[in-house]
Amino acid sequence: MKVFNTLSGQKEDFLPHGDEVRMYVCGVTPYSDAHLGHAMSYIYFDAIQRYLQFHGYRVKYVQNITDIDDKIIDRAARLGVPARELAEQYINGYFDDMDALNIRRADIYPRATEEIPEMLKIIQSLVTKGYAYPAQGSIYFRVKNVPDYGKLSHRNLDSMTARVRIEPGDEKENPMDFVLWKATKPNEPSWDSPWGPGRPGWHIECSAMSVKYLGETIDIHGGGQDLIFPHHENEIAQSESFTGKKPFVKYWLHNGLLQLDEEKMSKSLGNLVTIKETLKKYRADTIRIFILHSHYRTPLTYDEGTLEASGVALRAFSDAKWKLSEPYAEINRSISEAQGTKTDGTTPANKYRNRFISAMDNDFNTPQAIAVLFDLAQDINRAVNLNHADKVIEHRNIFIELAGVLGLVLPEPERESLTLDIKELTEIKGLTIAQIKRENLEYLLEKTTTNHNVENTEGHINYLKELRDALRKDKKFKLADEIRTRLYGVGIVLEDTPKGTVPKRKQ
RNA sequence: GGCGACGUAGCCAAGUGGUUAAGGCGGCGGUCUGCAAAACCGCUAUUCACCGGUUCGAAUCCGGUCGUCGCCUCCA
């Protein structure tokens with residue numbers, strides 16, 4: 001298995017320290033709703049975590065929550081609520097989003113405000129060792145004491161310093177020094193420290209949490225490419241100076257950033273689409289296919305056309321997975337009972353699993369992994385067409401397994417609910433086809449097309465379907481087709497199969 | 001200015017030295033169907049931004065040009 005390591009700039013063999021992979025991914029600062037860029041990053045790392053487990057590793061996954069920082073304080077002050085309360089609200093929203101996207105929870109979500117003692121311990125040690133110095137109640141990290149500072153972002157102090165503007169009144173020794181502990185300002189949350197009241201700088205929490213929960217050297221540290229500098233660079237400097245052990249992280253994995261139009265999607269630029277908004281228009285699986293169909297290190301552009309295409313792809317996956325359900329169930333059940341259905345890992349279908357593994361072993365190539373799913377889906381459909389039940393079941397099992405590794409749910413379409421009975425229909429239901437008057441049909445179509453409340457339209461749809469079946473039997477195709485067309489107009493597709501008509505929602 | 005990445009069909013997107021350049025969306029033709037839809041079958045890049053070079057051989061390596069993006073300030 002190979003992974004691309006930002007530190008070396010190359011693909012390297014993945015050799016974790018033990019049979020448990022220790023993985024840390026930078027989490028969010030909860031002061032507003034998470035956007036699709038966050039979803040992208042966490043979906044990638046979710047797929048990585050799932051794949052590592054599929055591969056046979058145990059994984060210990062830690063993700064921090066920066067629940068105290070300038071933006072939280074500003075926003076809370078503007079809204080007149082305590083910072084803690086604001087953070088709590090958006091942390092809950094964040095977890096709702098992650099759950100809705102079927103992103104597995106990390107094992108531990110440490111919060112900055114609950115890890116202050118750990119951070120102070122590290123800061124104290126850094127001061128003692130000369131890697132940090134106090135200035136006006138704050139503590140700064142002394143970057144020039146770290147000879148290999150810049151190794152992750154592949155730059156050196158001189159080139160960085162040349163570009164930095166020196167701000168007047170800056171108490172730093174060197175403009176590249178960064179704050180470990182911020183002296184408190186009036187009306188801000190603060191914690192006691194040996195240097196007076198204050199709050200932690202941003203970078204220190206990750207060092208503290210990583211060391212505390214995963215140890216002094218971990219296997220994977222992930223995040224967006226925008227975190228490489230300064231955040232991760234500074235984490236390395238702090239952590240390695242504190243522990244005296246290198247490397248702090250064996251493999252640095254960074255995902256490319258989501259673009260909106262010509263720019264990076266970001267909170268500070270304000271050009272974003274939140275996860276909640278996106279989930280109103282697209283299913284979680286659709287979003288996942290949209291994201292995973294591009295490699296994690298490549299930037300991806302938010303595009304509704306591409307999302308729509310992902311939705312179409314999802315429909316194909318879903319249909320392939322549920323071929324054994326109505327109306328195919330009966331056919332396939334009889335065949336499978338007659339022929340038996342064992343799958344033992346040496347079947348021809350296993351070549352798909354091997355292709356999937358080769359793809360994912362090569363720096364988590366999810367686009368290729370998804371291509372394998374398409375090929376599998378095609379094989380399932382071919383087997384269904386030929387009534388080869390053994391083959392259907394064998395391929396379907398692998399399909400479901402591999403789709404699951406990518407975190408795709410592919411839930412069964414809800415068809416039972418189409419049998420709801422609606423009061424207004426009962427009086428019409430007694431009529432025979434010969435008695436159906438144009439007005440009755442118009443009435444039903446009107447009911448269906450104007451009422452977009454799903455609960456109340458199911459019964460209408462189902463009745464229209466029955467009506468249409470009867471019309472088709474009577475060869476009244478013009479009217480039957482009109483029903484189909486009108487339903488299509490409100491997002492209902494009627495598919496006629498040899499075993500009957502299946503109503504489906506357009507994706 | 002420094003560092004990093006990218007430019008592959010109408011669109012999205014793999015491939016990074018060697019048989020016919022994955023896969024998806026869209027489009028076209030066919031099978032099936034009363035007609036559709038879905039599914040299946042076939043077609044849809046002699047060519048990988050452009051110009052040079054290395055090589056028996058390059059989309060893949062090297063140099064240059066043009067264009068795009070990210071980081072260098074908080075940011076997944």
Side-chain angles (χ1 to χ4, degrees), chain A residues 6 9 11 25-29 31 34-45 63 66 69-71 150 153-156 158-165 167 176 178 202 222-231 233 254-259 262-269 272 289-290 293-295 297-301 303 305-317 319-320 323 328 355 359 362 365-375 377-378 380-386 472 475-478 480-481 484-485 488 493-498 501-502 504 506:
Chain A
T6 306
K11 278 185 199 170
V25 175
C26 283
V28 289
T29 302
Y31 68 92
H35 59 71
L36 209 57
H38 298 109
M40 176 174 164
S41 190
Y42 300 123
I43 284 173
Y44 283 135
F45 285 104
Q63 186 177 117
T66 307
D69 105 320
D70 291 349
K71 286 182 174 139
S153 50
H154 306 287
R155 38 188 111 176
N156 58 60
D158 290 342
S159 70
M160 287 188 270
T161 315
R163 185 78 177 170
V164 168
R165 55 176 186 276
E167 290 180 21
M176 294 313 295
F178 55 90
W202 175 37
Q225 282 171 349
D226 52 354
L227 296 182
I228 294 171
F229 190 91
H231 186 53
E233 195 71 70
H254 291 100
N255 63 275
L257 304 176
L258 187 67
Q259 311 287 126
E262 303 289 274
E263 278 182 316
K264 173 179 79 163
M265 183 178 287
S266 84
K267 286 190 190 179
S268 43
L269 292 170
L272 52 78
I289 290 169
F290 167 69
H293 107 286
S294 155
H295 186 82
R297 281 191 286 115
T298 308
L300 176 64
T301 302
D303 179 77
T306 309
L307 272 157
E308 298 291 341
S310 304
V312 174
L314 171 60
R315 162 50 48 87
F317 282 170
D319 279 354
K323 280 294 185 193
Y328 300 94
R355 275 177 59 201
N362 184 14
N365 195 322
T366 56
Q368 286 184 342
I370 284 182
V372 172
L373 292 186
F374 278 108
D375 291 345
Q378 192 176 49
I380 292 171
N381 289 329
R382 268 197 287 250
V384 167
N385 290 345
L386 296 170
R472 289 176 67 219
K475 306 237 184 280
K476 296 191 167 148
F477 295 120
K478 206 175 167 188
D481 288 352
R484 186 174 59 195
T485 306
Y488 188 81
V493 184
L494 293 183
E495 290 183 11
D496 297 329
T497 77
T501 299
V502 185
K504 292 181 177 176
K506 271 198 287 188

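Atom set for the values below is all heavy atoms of this structure, side chains included, hydrogens, waters and symmetry mates excluded. Chain naming here is simple, since letters A, B, ... match the order of the sequence lines and numbering starts at 1 in each.
Between A:Gln225 atom CD and B:A5 atom P there is a gap of 10 Å when expressed in whole angstrom units. With rounding to whole Å, A:Arg382 atom CZ is found 8 Å from B:C40 atom P. Look at CE on A:Met265: it is 16 Å from P on B:C69, rounded to the nearest Å. The distance from atom CD of A:Glu495 to atom C1' of B:A37 is 5 Å, rounded to the nearest whole Å. Straight-line distance from the OH atom of A:Tyr488 to the P atom of B:A36: 15 Å, rounded to whole Å. Between A:Phe229 atom CZ and B:A76 atom P the separation is 17 Å, expressed in whole Å. Rounded to whole Å, atom P of B:A76 lies 6 Å from atom NZ of A:Lys267. The distance between atom CD of A:Glu233 and atom P of B:G4, rounded to the nearest whole Å, is 13 Å.
Picking from B:A39, B:A36, B:G2 the nucleotide with the shortest atom distance to the side chain of A:Arg155 gives B:G2. Side-chain atoms of A:Asp69 lie closest to B:C74 of the nucleotides B:A37, B:C74, B:G34. Proximity note for A:Ser294 (side chain, C-beta onward) versus B:C72, B:A14, B:C35: the nearest is B:A14.
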Q: Applying side-chain contact (heavy atoms from CB on, under 4.5 Å), run through A:His35 and A:Leu258 and close with a yes or a no.
A: CA-CA 10 Å; A:His35 59 71; A:Leu258 187 67; 5.6 Å; no
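Contact annotation for A:Tyr44: no contact, since no heavy-atom pair falls under 4.0 Å across all strands. Using a 4.0 Å heavy-atom cutoff across all strands shown, A:Thr301 reaches no nucleic acid atom at all. Among the protein residues, A:Leu227 comes within range of the sugar-phosphate backbone only, with heavy atoms under 4.0 Å from sugar or phosphate atoms but none that close to a base.
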Identify each atom pair where a protein N or O and an N or O of nucleotides 16-21 of chain B are less than 3.5 Å apart, giving names and distance.
none

What N/O pairs connect the protein and nucleotides 22-33 of chain B at under 3.5 Å? Give each pair on its own line.
none

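Evaluation of atom-type donor-acceptor distances gives no pair under 3.5 Å for the side chain of A:Asn365 against the base of B:G15.
Spacing of C1' atoms, B:A22 relative to B:U60, comes out at 15 Å, to the nearest Å. Taking atom C1' in both B:C3 and B:G10, one finds a spacing of 36 Å when rounded to whole Å.
For A:Arg155, the salt bridge (Lys or Arg N to Asp or Glu O under 4.0 Å) test picks out no residue, with sequence neighbours left out.
Atoms CG and CE, from A:Leu300 and A:Met40 in turn, are 5.0 Å apart once rounded to the nearest 0.5 Å.
Here B:U46 sits opposite no nucleotide as a Watson-Crick or G-U wobble pair (both hydrogen-bonding atom distances under 3.5 Å).
Closest-nucleotide positions on RNA chain B for A:Leu494 and A:Met40 were compared, and the one nearer the 5' end corresponds to A:Leu494.
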